[in-house]
Structures are given as C-alpha cells and as structure tokens.
Amino acid sequence: MADWLIYILKVSAFQAVLVLFYLLFLRRLTFYQFNRVFLLGILVIGFVLPFVQVESAPVVQANQELVTMIGTRISQSSEAISEGVIVPGFQLSWMWLFSSLYVIGVFLLFQRYFSNFYRIRKFKYGYQLIAKIGAIEVFRTPYAQPFSFFKSVFIPEKVEHTQELDLVMAHELQHVNFGHSYDRMLVDFIVVLFWFNPFIYLLRKSLIEVHEYQVDAAVTAGSGAKIPYQMSLVSLAGGGFSGPVSFFNFSTIKKRIQMMNRNKSNKISLISLALLAPLIGGMIMLFSFEMKTPELIFIQDEPGPALEKEVRTVDVSLIEKPSIFPLGVKNEKVKVTSNFGYRTDPFDKAKKFHQGMDISAAEGTPVIATADGKVVLVLIQAEGYGKHIIIEHDEVYSTKYAQLSSMEVSEGDLVSRGQVIGRVGSSGRSTAPHLHYEVYKDGKAVDPVNYISDYKFAMQAQEQAEEERRVAESAREKAHAAQRAAVAEQRVAVEAQRVAMQEQKQAEAQQVQARQEEAEAFRRIEESREAIEGLEEMPKSKEKAKAKEKSKAKTKVKEKDKDK
C-alpha cells in the first residue's frame with residue numbers, strides 16, 4: 001500500500017513543479033497551442049518521471065576480511081529472542097488512514113465526474129435542436145451562457161435572436177474544431193485521481209484559460225471583429241452550467257481582453273524552456289536517486305548483555321539476510337565467471353543487464369542456503385534458469401539459485417543457513433556447469449557480492465581489474481580514433497579554406513579585369529563621341545567663317561560709304 005501512495009505523491013510533486021514553471025515563464029506568452037500541449041504534457045510526464053531510477057556505484061567497498069575477522073553471524077535461539085519481544089497493542093495506522101481518505105475522495109469525485117457527463121449527455125434529449133452544421137448539432141437552452149461539449153453547441157434563448165449570435169456561434173464552433181472537450185475530460189479525470197493536490201486545480205484553470213485565448217485569437221483574426229467580439233464578452237458576462245464544457249464567457253474577461261490586445265510573443269521568449277532540463281533532472285535526482293552502499297554485518301560469537309538486550313527488542317526476521325558463499329566448497333576449481341551488472345550475453349552477444357553472479361564449479365558441487373528461510377519456489381525452466389530454487393528469508397530478503405543439476409528441497413520447506421539445497425549443473429540456458437546466484441532486497445535485484453562475507457573474491461577482483469583495463473584501453477583507442485578523425489577534419493577544413501581563398505583571388509582578378517575592360521570600353525565610346533561631335537562641328541565652323549567674312553565685307557563697304 002505504501003508503494004502506490006508514495007508514487008502518487010511523487011507524481012503530485014512533479015506536477016506541482018511543472019505547473020509553477022508554466023505560471024512563471026509561459027503563461028503570458030501568446031503561443032497558445034504550445035501552452036496547451038505543454039499543460040497536457042504535464043499530465044503525462046508526471047506519471048512517467050517517478051519510474052526513472054538513478055543508481056550510483058557503491059560509495060564504500062566492504063572489506064570482507066575485516067567482516068570475517070569480526071566474527072560469525074549473531075546466533076540466538078528463537079525461544080530466547082521471543083521471550084523479550086514486546087507485543088504492541090492496537091495502534092491506528094496512519095498509512096491506512098491516509099489511504100482511506102484518498103479512496104473516499106476519489107470515489108466521491110468519480111461520482112461527480114460521471115454525474116456531470118451524464119447530465120450533459122441528457123441535454124441532447126431534453127433541449128430543442130435548432131440547427132445542424134455538418135456533424136455539429138446546435139441546441140436551445142435556458143442557461144445564461146452558451147457552451148459546447150464535443151460535437152454539441154448549446155445556445156441560450158436570449159442570444160438566439162440578437163446580433164451577438166454570429167460571434168457566439170463562431171466562438172463555440174472554434175471550441176469544437178480545436179477538440180477542447182477532450183482536454184477537459186482528461187484534466188477532470190486527473191483531478192479526480194489527484195484531488196488533494198492544489199496544483200492540479202491551477203493546471204485545470206490554466207488549461208481553460210489557454211482554450212479561451214486560443215479561441216479568442218481564432219475568432220478575432222479577421223479585420224474589424226475584435227471590438228464587437230470584446231463587447232459581446234462583456235454583455236454576456238454571468239454564470240452558466242457547471243461541468244466539463246467550453247463556455248463562450250469565462251470569469252477572467254479582463255485577462256482575455258488583455259491577451260487579445262497583446263502583441264504576439266517573440267520566439268526567443270521560449271528560451272526559458274532550457275531551464276526545464278536541470279529542473280526535471282534535479283527532481284529525478286531528488287525523488288529517484290538510489291545510493292547503493294554495501295551492507296556490513298557486525299557479529300560476535302557470544303553477545304554480551306547489552307547486545308542481547310538490544311537484539312530482543314527487534315523481530316528475528318530483520319537479521320535473516322544472506323551473508324555466506326552459496327557453494328559448499330571454495331577451492332581453486334571455483335571461479336566467478338560473470339558479475340552483477342551489464343555484460344555481453346554469451347548467446348546473442350548483445351549488451352544486457354545480468355542481475356546476479358555466475359560461479360563456475362564442477363557439476364554436482366553442493367549448493368547451500370545463504371541464510372535461514374522458507375522455500376517458496378522449486379521450478380524447472382528449460383530455456384531460462386533451468387532447475388532453480390527461490391528462498392524467502394524475511395520480508396526484505398530473498399535469494400535465487402539457478403542452473404542446478406538437482407534440487408533437494410521442496411516448496412514450503414524451512415531451511416537453515418548452510419543447508420544443502422541442490423547441486424551445480426547446467427540445466428537451463430547455459431554454456432557450462434555453474435551456479436547462477438541472485439539476491440533480492442525489497443523485491444529488487446542487488447549485487448550478491450555485498451552479501452557474501454566469507455569469501456575474498458580474489459579472482460573476481462582480478463577479473464574486474466582486467467575488465468577495467470580493457471575498458472580503459474578501449475576508451476584510449478576511441479580517443480585516438482576521435483583525435484585522428486579531428487585531425488583529418490581539420491586538414492579537410494584547411495584545404496577547403498585554401499581552395500576558397502584561391503577561388504576568391506580568381507574572382508577578384510576577374511573583377512579587376514572586368515573593371516579594366518569596362519573602363520576601356522567607356523574610353524573608346526568617349527573617343528567615338530568626340531570624333532562624331534568634331535565631324536558635326538566642321539560645317540558649322542565653315543559657315544561661321546563665311547558669315548564672318550561677309551560681315552567684315554559689309555563693314556568695309558559701310559566704312560567706304562561713310563568716307564565718301
């Protein structure tokens with residue numbers, strides 16, 4: 001019960017953060033379709049992000065020799081422990097109380113959700129159909145405001161014969177065309193599931209605002225329609241039907257008019273979306289980060305009075321965790337061939353996650369239980385684990401022993417730490433005899449190495465070092481290859497630059513030559529023009545000379561006449 005309640009709280013937290021981001025950075029932008037998709041995306045991504053898990057490598061490596069030196073496992077008879085167990089009286093479970101309140105709230109809101117839906121569906125049969133536009137039906141209602149729901153439009157009687165009817169119909173038809181009813185049904189359904197989260201109501205209100213802004217922008221796109229449309233909003237202000245419908249009028253008339261008169265936002269305003277990546281990453285790290293730390297077992301042969309007193313205050317199941325090597329022998333023939341984590345699958349050579357450890361040993365080597373517990377599964381799976389056994393040690397820990405050649409226990413058997421439960425084999429999807437050993441904590445596979453205190457894993461350490469060396473070698477080769485590729489790209493770039501400069505020089509030379517040829521052509525044209533003008537001026541100069549001579553002759557005659 002706690003898991004799903006925690007999941008719901010995580011979803012609510014993600015929704016709250018993303019809604020706050022919208023209100024701070026996107027609400028005033030005129031990208032209405034983008035804002036609509038963003039708000040609907042919050043509803044989806046909020047459910048997905050809690051499933052993202054981030055794990056780190058262990059921060060401390062357990063010193064197995066030190067653990068072994070400290071002693072052996074705490075042992076005390078169950079009778080001695082049970083004598084000191086304190087049996088609590090009746091206590092109210094807060095988890096049960098919160099779960100009950102949540103379920104009651106969901107139940108009541110579901111009733112309201114389906115009641116509203118049923119009422120609106122009945123409108124189609126209770127009110128008169130006055131028009132039909134394609135698949136859209138228009139009905140007359142006694143309500144003060146027009147509204148739409150999927151393919152139905154409901155018009156008040158007082159609006160039917162007024163000049164606002166055309167604008168009202170245009171508004172409601174836009175709601176239908178945009179499919180806003182689907183958004184409303186979805187967000188109202190999410191409100192039912194997260195009724196306790198105040199931010200989900202802010203999201204619903206913001207989505208309704210975006211619907212109205214989007215429709216207002218579409219209706220007033222034509223010239224001259226903005227002022228009459230705004231006047232219609234004011235004249236039709238008032239209450240309406242309560243339910244998941246799209247109204248012509250909305251309570252924030254002032255905001256809608258402001259948004260209609262606002263200049264279109266610049267796309268550079270969306271740069272704020274870059275903050276989403278670190279914001280979501282931080283939320284994932286906060287809610288989903290799981291630090292893997294080795295668990296040390298502090299033990300002693302004979303517990304003193306203080307330790308005995310402390311042990312008697314806890315349940316015995318809390319100390320039943322795997323702590324020893326799962327094979328009955330540990331010699332040179334035993335080798336860890338595959339570790340916990342990603343590896344190359346020996347069959348299809350693909351990179352896959354290996355959620356246990358493989359220990360190579362001779363067929364028939366005894367396999368032992370690593371802690372007290374109860375056998376909950378004995379199964380044969382020919383194409384997978386082969387013959388395998390699952391032992392449940394307590395409410396936290398369980399172990400799996402696979403690829404066995406034989407199984408010496410049955411379901412329901414109680415086994416003790418160190419008891420032989422089977423023999424090493426190769427009965428499933430396997431290439432050689434080995435034991436596939438898995439440890440589960442709270443139902444999740446963990447590294448078995450951290451739950452084995454009596455074995456050094458020298459071979460494993462050597463193989464890990466070899467694997468790290470190979471990884472480092474591969475990384476160096478990739479770095480060298482990347483460096484060579486970068487050098488080659490640089491050479492190509494230099495060559496391209498050289499060719500470009502050469503082409504530029506050729507182009508400049510061609511331009512100079514063209515300018516010279518143009519100047520030469522202009523010079524020749526000028527010389528031709530001057531020659532033509534000279535030829536035209538020659539007759540004129542001769543006529544002027546003759547006229548001048550005649551004038552001189554006349555002057556001389558006049559002077560002679562005067563002398564006479």
**Q** Run the side-chain hydrogen bond (donor to acceptor under 3.5 Å, both in side chains) test on Glu212 and His180 for me, step by step, so that the C-alpha distance in whole Å, both residues' side-chain angles and the decisive distance to 0.1 Å come before the verdict.
**A** CA-CA 10 Å; Glu212 298 304 323; His180 289 162; over 6 Å; no
**Q** Look at the rings of His211 and His175 and say which category their plane angle falls in: under 30° parallel, 30 to 60° tilted, over 60° perpendicular.
**A**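 Answer is perpendicular, since the angle exceeds 60°.
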**Q** Give the C-alpha distance, both sets of side-chain angles, the deciding distance and a yes or no for side-chain contact (heavy atoms from CB on, under 4.5 Å) between Tyr113 and Val106.
**A** CA-CA 10 Å; Tyr113 178 81; Val106 169; over 6 Å; no
**Q** Rounded to the nearest 0.5 Å, what separates atom NZ in Lys151 from atom CG in Asn177?
**A**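 Spacing of NZ (Lys151) from CG (Asn177) equals 7.0 Å.
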**Q** List the atom of Asp394, the atom of Lys321, and the distance in Å for their closest heavy-atom pair.
**A**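 Where Asp394 meets Lys321 most closely, the heavy atoms are OD2-N, 4.4 Å.
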**Q** Thinking salt bridges, do Asp188 and Arg112 make one under a 4.0 Å N-O criterion?
**A**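 Not counted as a salt bridge, because no side-chain N and carboxylate O are separated by less than 4.0 Å.
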**Q** Can you give me the closest heavy-atom contact between Ser181 and Phe150, atom names plus distance?
**A**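 Heavy-atom minimum between the residues: OG-N, 2.7 Å.
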**Q** First locate atom OG of Ser12, then atom CD1 of Ile200, and finally report the distance between them rounded to the nearest 0.5 Å.
**A**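 Nearest 0.5 Å value for the OG-CD1 distance: 8.0 Å.
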**Q** Does Ile45 form a side-chain contact (heavy atoms from CB on, under 4.5 Å) with Ile280? I'd like the steps, not just the answer.
**A** CA-CA 10 Å; Ile45 198 172; Ile280 294 177; 4.3 Å; yes
**Q** Side-chain contact test, heavy atoms from C-beta onward, threshold under 4.5 Å: evaluate it for Val210 versus Phe34 and give yes or no.
**A**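 No - every pair of side-chain heavy atoms lies 4.5 Å or more apart.
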**Q** Only one of Phe47, Phe199, Tyr102 passes ring-ring contact (aromatic ring centres under 6.0 Å, His included) with Phe194; say which it is.
**A**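 The single option meeting the ring-ring contact (aromatic ring centres under 6.0 Å, His included) with Phe194 is Phe47.
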**Q** So Phe98 and Phe196, do their side chains get closer than 4.5 Å, heavy atoms only?
**A**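 Result no, sub-4.5 Å side-chain heavy-atom pair not found.
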**Q** Should Tyr397 and Thr370 count as side-chain neighbours, where that means a heavy-atom distance under 4.5 Å?
**A**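 Heavy-atom side-chain distance check fails, nothing below 4.5 Å.
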**Q** With no hydrogens and no angle check, is any side-chain donor or acceptor of Glu172 less than 3.5 Å from a backbone partner on Ser148?
**A**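 Indeed, once roles are kept as given, a pair shorter than 3.5 Å links the two residues.
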**Q** Atom CZ of residue position Phe110 - does it have more than 12 heavy atoms of other residues, nucleotides or ligands inside 6.0 Å?
**A**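 Yes, CZ of Phe110 has more than 12 neighbouring heavy atoms, counting only those of other groups under 6.0 Å.
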**Q** Report yes if some heavy atom in the side chain of Leu108 is under 4.5 Å from a heavy atom in the side chain of Gln111; otherwise report no.
**A**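 Touching, per the 4.5 Å side-chain cut-off.
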**Q** Kindly give the heavy-atom pair with the smallest separation between Glu395 and Asp442, and that separation in Å.
**A**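 In terms of heavy atoms, the two residues are closest at O-OD1, 4.4 Å.
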**Q** Less than 4.5 Å apart, side chain to side chain, heavy atoms only: is that true for His388 and Leu377?
**A**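 Yes, their side chains come closer than 4.5 Å.
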**Q** Sort out for me which residue in Leu40, Leu207, Leu26, Thr30 forms a side chain to side chain contact (heavy atoms under 4.5 Å, CB included) with Asn35.
**A**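 Result for side chain to side chain contact (heavy atoms under 4.5 Å, CB included) with Asn35: Leu26.
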**Q** Please say whether more than 12 non-hydrogen atoms of neighbouring residues, nucleotides or ligands are located less than 6.0 Å from OH in Tyr201.
**A**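 It does: Tyr201 OH has more than 12 such atoms within range.
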**Q** Is a side-chain donor-acceptor pair under 3.5 Å present for Thr399 with Tyr451?
**A**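 Note: Tyr451 and Thr399 side chains miss the donor-acceptor criterion.
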**Q** Applying the side chain to side chain contact (heavy atoms under 4.5 Å, CB included) test to Leu203, which of Val187, Asn197, Ile208 qualifies?
**A**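 The single option meeting the side chain to side chain contact (heavy atoms under 4.5 Å, CB included) with Leu203 is Val187.
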**Q** Step through it carefully: locate the ring centre of Phe154, locate the ring centre of Phe123, and say whether they are under 6.0 Å apart.
**A**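 Ring centres of Phe123 and Phe154 closer than 6.0 Å.
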**Q** Check the pair Asn261 / Lys226 against side-chain contact (heavy atoms from CB on, under 4.5 Å), numbers first and verdict last.
**A** CA-CA 9 Å; Asn261 295 308; Lys226 186 178 293 185; 3.5 Å; yes
**Q** Identify the two heavy atoms, one from His354 and one from Ser338, that lie closest to each other, and give their separation to 0.1 Å.
**A**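 Scanning both residues, the minimum pair turns out to be ND1-OG, 3.5 Å.
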**Q** Distance from Leu167 atom CG to Gln230 atom CD, nearest 0.5 Å?
**A**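 Taking CG in Leu167 and CD in Gln230, the distance rounds to 11.0 Å.
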**Q** Are the side chains of Leu18 and Leu276 in contact, using a 4.5 Å heavy-atom criterion?
**A**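 SC-SC contact between Leu276 and Leu18 confirmed.
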**Q** With the side chain counted from C-beta on, respond yes when His171 and Asp216 share a heavy-atom pair under 4.5 Å apart, and no when they do not.
**A**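 Yes. Closest side-chain heavy atoms under 4.5 Å.
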**Q** Counting only heavy atoms from other residues, nucleotides and ligands, does the tally under 6.0 Å from CZ of Phe347 exceed 12?
**A**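 More than 12 within 6.0 Å, yes.
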**Q** One pair to check against side-chain contact (heavy atoms from CB on, under 4.5 Å): Glu160 and Ile130. What are the steps and the verdict?
**A** CA-CA 10 Å; Glu160 187 176 354; Ile130 59 176; 4.0 Å; yes
**Q** Do you know which of Tyr385, Phe340, Tyr401 makes ring-ring contact (aromatic ring centres under 6.0 Å, His included) with Tyr437?
**A**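 For Tyr437, the ring-ring contact (aromatic ring centres under 6.0 Å, His included) check succeeds only for Tyr401.
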**Q** Check whether any side-chain heavy atom of Pro326 lies under 4.5 Å from a side-chain heavy atom of Ile452, and answer yes or no.
**A**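 Side chain of Pro326 against side chain of Ile452, heavy atoms only: contact under 4.5 Å found.
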**Q** So which atom in His393 and which in Asp372 form the shortest heavy-atom distance, rounded to 0.1 Å?
**A**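 His393 and Asp372 have their closest heavy atoms at ND1-O, 2.9 Å.
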**Q** Rounded to the nearest 0.5 Å, how far apart are NZ of Lys132 and CZ of Phe139?
**A**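 It is 8.5 Å, given to the nearest 0.5 Å.
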**Q** Nearest 0.5 Å please: distance from the CE atom of Met357 over to the CD atom of Glu438.
**A**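 So the gap between those two atoms works out to 11.5 Å.
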**Q** Calculate, to the nearest 0.5 Å, the distance between atoms CZ and CG belonging to Phe189 and Leu43 respectively.
**A**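 CG of Leu43 is found 11.5 Å from CZ of Phe189.
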**Q** Donor-acceptor pair, Glu392 side chain versus Lys374 backbone, under 3.5 Å?
**A**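 Looks like no, no N/O pair under 3.5 Å.
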**Q** Could you tell me which non-hydrogen atom of Val159 sits nearest to which non-hydrogen atom of Leu165, and how far apart they are?
**A**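 Heavy atoms of Val159 and Leu165 come nearest at O-CB, 3.6 Å.
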